[in-house]
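Worksheet: the structure to be examined is printed underneath.
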Amino acid sequence: SFWWYLIPLGLLLFFITLGSFRIDLSFYLDVICKIKSENKVVLTFDDGPDEFVTPKVLEVLKKHNVKAVFFIIGDKAESIPSLVKQAFDDGHIIANHSCCHRSLYGFYPSQKVMVDIDKSQEIIKNIIGLRPRFFRPPFGVTNPNMKIAIQRLRLIAVGWSLRSLDTVQSNLDKLSQRISKVKAGDIVLFHDRVQGIEHVLEDFIISCRQQHLDFIRLDE
């Protein structure tokens with residue numbers, strides 16, 4: 001029957017799609033989504049820098065002596081280099097989150113992905129004097145083309161194990177409730193472009209320490 005040919009094809013497409021959108025599965029390439037620790041978590045921020053939100057996030061992190069990873073967008077960094085430099089000088093890791101972060105990024109051929117990532121690498125290097133080691137794919141989408149680009153540029157892919165959903169959840173109380181499920185070893189995803197996230201962040205830091213969880217830089 002014709003349907004017997006469609007069933008395996010459908011299953012193949014399902015797993016390919018699942019593997020592309022579930023970065024924690026490391027379907028196409030090795031991705032760091034958790035750390036091995038009994039009492040530490042890693043804080044990460046995507047899509048910055050933002051001229052209004054990033055300074056507030058940096059202020060909270062400095063107040064509580066917490067180091068994080070900022071996965072920045074090259075185009076934004078080029079327009080606000082002072083915030084990238086400030087985050088670096090404060091002891092945070094500056095990482096790559098692409099240069100353009102466009103919605104169709106997951107459909108780019110490997111060469112176009114390489115050019116985009118490398119452009120962001122150069123922008124960041126011109127600001128802080130170093131090329132980032134870590135890369136987080138836009139939207140967390142991975143595929144064979146992304147794998148080729150990341151491996152050729154010798155970058156380490158980073159995902160997450162706890163996603164705050166701060167870009168889709170406008171109710172800050174519900175957002176706080178979601179991230180209260182944090183466990184040792186989690187890599188937590190926030191966005192330093194979401195208005196009000198600094199309040200959620202501060203409560204989260206305090207709550208973690210009350211649970212005897214502390215924070216560590218990803219490279220440590």
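Below, each value reflects all heavy atoms present in this structure, side chains not excepted, and no hydrogens, waters or symmetry copies.
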* Asked: Between S26 (side chain) and V31 (backbone), is there a donor-acceptor pair under 3.5 Å?
  -> yes

* Asked: How long is the span from the CD1 atom in I216 to the CG atom in D219, to the nearest 0.5 Å?
  -> 8.5 Å

* **Apart from I206 itself, residues in the same hydrophobic cluster as defined by side-chain heavy atoms under 4.5 Å** => none

* Structure fact -> Here the gap from C208 atom SG to H212 atom NE2, rounded to the nearest 0.5 Å, amounts to 12.0 Å

* Hey, does the side chain of N126 reach the backbone of E122 with a donor-acceptor pair shorter than 3.5 angstrom? -> yes

* To do: Could you walk me through whether H191 and V194 pass side chain to side chain contact (heavy atoms under 4.5 Å, CB included), step by step?
  => CA-CA 6 Å; H191 293 80; V194 176; 3.9 Å; yes

* Structure fact -> Residue set satisfying ring-ring contact (aromatic ring centres under 6.0 Å, His included) with Y108, at least two apart, ordered chain then number -> Y105

* Asked: How would you list all residue pairs meeting side chain to side chain donor-acceptor pair (under 3.5 Å) that involve residues 148-163, not counting sequence neighbours?
  -> S161-D186

* Structure fact -> ring-ring contact (aromatic ring centres under 6.0 Å, His included) filter on H101, not counting sequence neighbours, yields H97, F139

* Name the one of K62, K85, R217 that satisfies salt bridge (Lys or Arg N to Asp or Glu O under 4.0 Å) with D90? -> K62

* To do: Take I150 and I156, measure what side chain to side chain contact (heavy atoms under 4.5 Å, CB included) needs, and give me the verdict at the end.
  => CA-CA 7 Å; I150 291 172; I156 301 170; over 6 Å; no

* Asked: Taking only residues two or more places apart in sequence, or in another chain, which ones meet D173 in a side chain to side chain donor-acceptor pair (under 3.5 Å)?
  -> none

* Asked: So, S37 side chain and G185 main chain: donor-acceptor pair closer than 3.5 Å or not?
  -> no

* Asked: F70 vs H92 aromatic rings, parallel, tilted or perpendicular, using cut-offs 30° and 60°?
  -> perpendicular

* To the nearest 0.5 Å, how far apart are CD in Q210 and CD1 in I205? -> 12.5 Å

* Answer yes if F215 and V69 sit in the same cluster of Ile, Leu, Val, Met, Phe, Trp and Tyr residues linked by side chain heavy atoms under 4.5 Å apart, and no otherwise. => no

* To do: Working to the nearest 0.5 Å, report the span between CZ of F45 and CG of L58.
  => 8.5 Å

* Taking S164 for its side chain and L189 for its backbone only, find out whether a donor-acceptor pair lies under 3.5 Å. => yes

* **Contact summary for A77 and I127, nearest pair of heavy atoms** => O-CD1, 3.6 Å

* To do: State which residues pass side chain to side chain donor-acceptor pair (under 3.5 Å) with S207; sequence neighbours excluded, sorted by chain then number.
  => Q211

* Min side-chain heavy-atom separation I124-L130 under 4.5 Å -> no

* **Close side-chain approach of L43 and L201, heavy atoms under 4.5 Å** => yes

* Asked: So, does D47 use its side chain to make a donor-acceptor pair with the main chain of I73 at under 3.5 Å?
  -> no

* Are L218 and I187 side-chain neighbours, meaning at least one heavy-atom pair lies under 4.5 Å? -> yes

* Asked: Quick one: side-chain contact (heavy atoms from CB on, under 4.5 Å) partners of Q177, sequence neighbours excluded?
  -> none

* Taking only residues two or more places apart in sequence or in another chain, which ones pass side chain to side chain donor-acceptor pair (under 3.5 Å) with H199? -> none

* **side-chain contact (heavy atoms from CB on, under 4.5 Å), paired with Q169, selected from D166, N171, T167** => N171

* Residues which pass ring-ring contact (aromatic ring centres under 6.0 Å, His included) with F204, listed by chain and number, not counting sequence neighbours -> F190

* How far does CD1 of I117 sit from SG of C99, to the nearest 0.5 angstrom? -> 10.5 Å

* T44 side chain reached by F134 side chain, heavy atoms, under 4.5 Å -> no

* Taking all atoms of both residues into account, what is the closest heavy-atom pair of F135 and S98, and its distance? -> CE1-N, 3.6 Å

* Salt bridge E220-K40, side-chain N to carboxylate O under 4.0 Å -> no

* To do: Would you check, one step at a time, whether the test side chain to side chain contact (heavy atoms under 4.5 Å, CB included) holds for T142 with L29?
  => CA-CA 8 Å; T142 59; L29 71 159; 3.8 Å; yes

* Answer with yes or no whether the hydrophobic clustering places Y28 together with L155; edges join I, L, V, M, F, W, Y residues whose side-chain heavy atoms lie under 4.5 Å apart. => yes

* Structure fact -> Here the pair of heavy atoms bringing L83 nearest to E51 is CD1-CA, 3.8 Å

* Structure fact -> Closest non-hydrogen atoms of I23 and P137, given as atom of the first, atom of the second and distance, are CD1-CD, 3.9 Å

* **Transitive ILVMFWY side-chain link V200 to V41, under 4.5 Å** => yes

* Residue pairs fulfilling salt bridge (Lys or Arg N to Asp or Glu O under 4.0 Å) with at least one residue in residues 201-214, sequence neighbours excluded -> K63-E202, R209-D214

* Heavy-atom pair with the smallest gap, counting every atom of D46 and R136 -> OD1-NH1, 2.8 Å

* Using the side chain to side chain donor-acceptor pair (under 3.5 Å) rule, collect all pairs that involve residues 65-76, keeping only residues at least two apart or in two chains. => none

* To do: Verify, without hydrogens or angle tests, whether N96 (side chain) and F71 (backbone) share a donor-acceptor contact under 3.5 angstrom.
  => no

* Please name the pair of heavy atoms, one in D30 and one in A157, separated by the smallest distance, quoted to 0.1 Å. => O-CB, 3.8 Å

* Asked: In Å, rounded to the nearest 0.5 Å, how long is the span from NZ of K183 to CG of N39?
  -> 16.0 Å

* Asked: Linking I/L/V/M/F/W/Y whenever any side-chain heavy atoms sit under 4.5 Å apart, do I93 and I72 land together?
  -> no

* Structure fact -> D24 meets the side chain to side chain donor-acceptor pair (under 3.5 Å) criterion, sequence neighbours left out, with R22

* Asked: Counting only N and O atoms by type, is there a donor-acceptor contact under 3.5 Å from the side chain of Q121 to the main-chain atoms of P132?
  -> yes

* **Joint cluster assignment, I179 & L165, ILVMFWY side-chain distance < 4.5 Å** => no

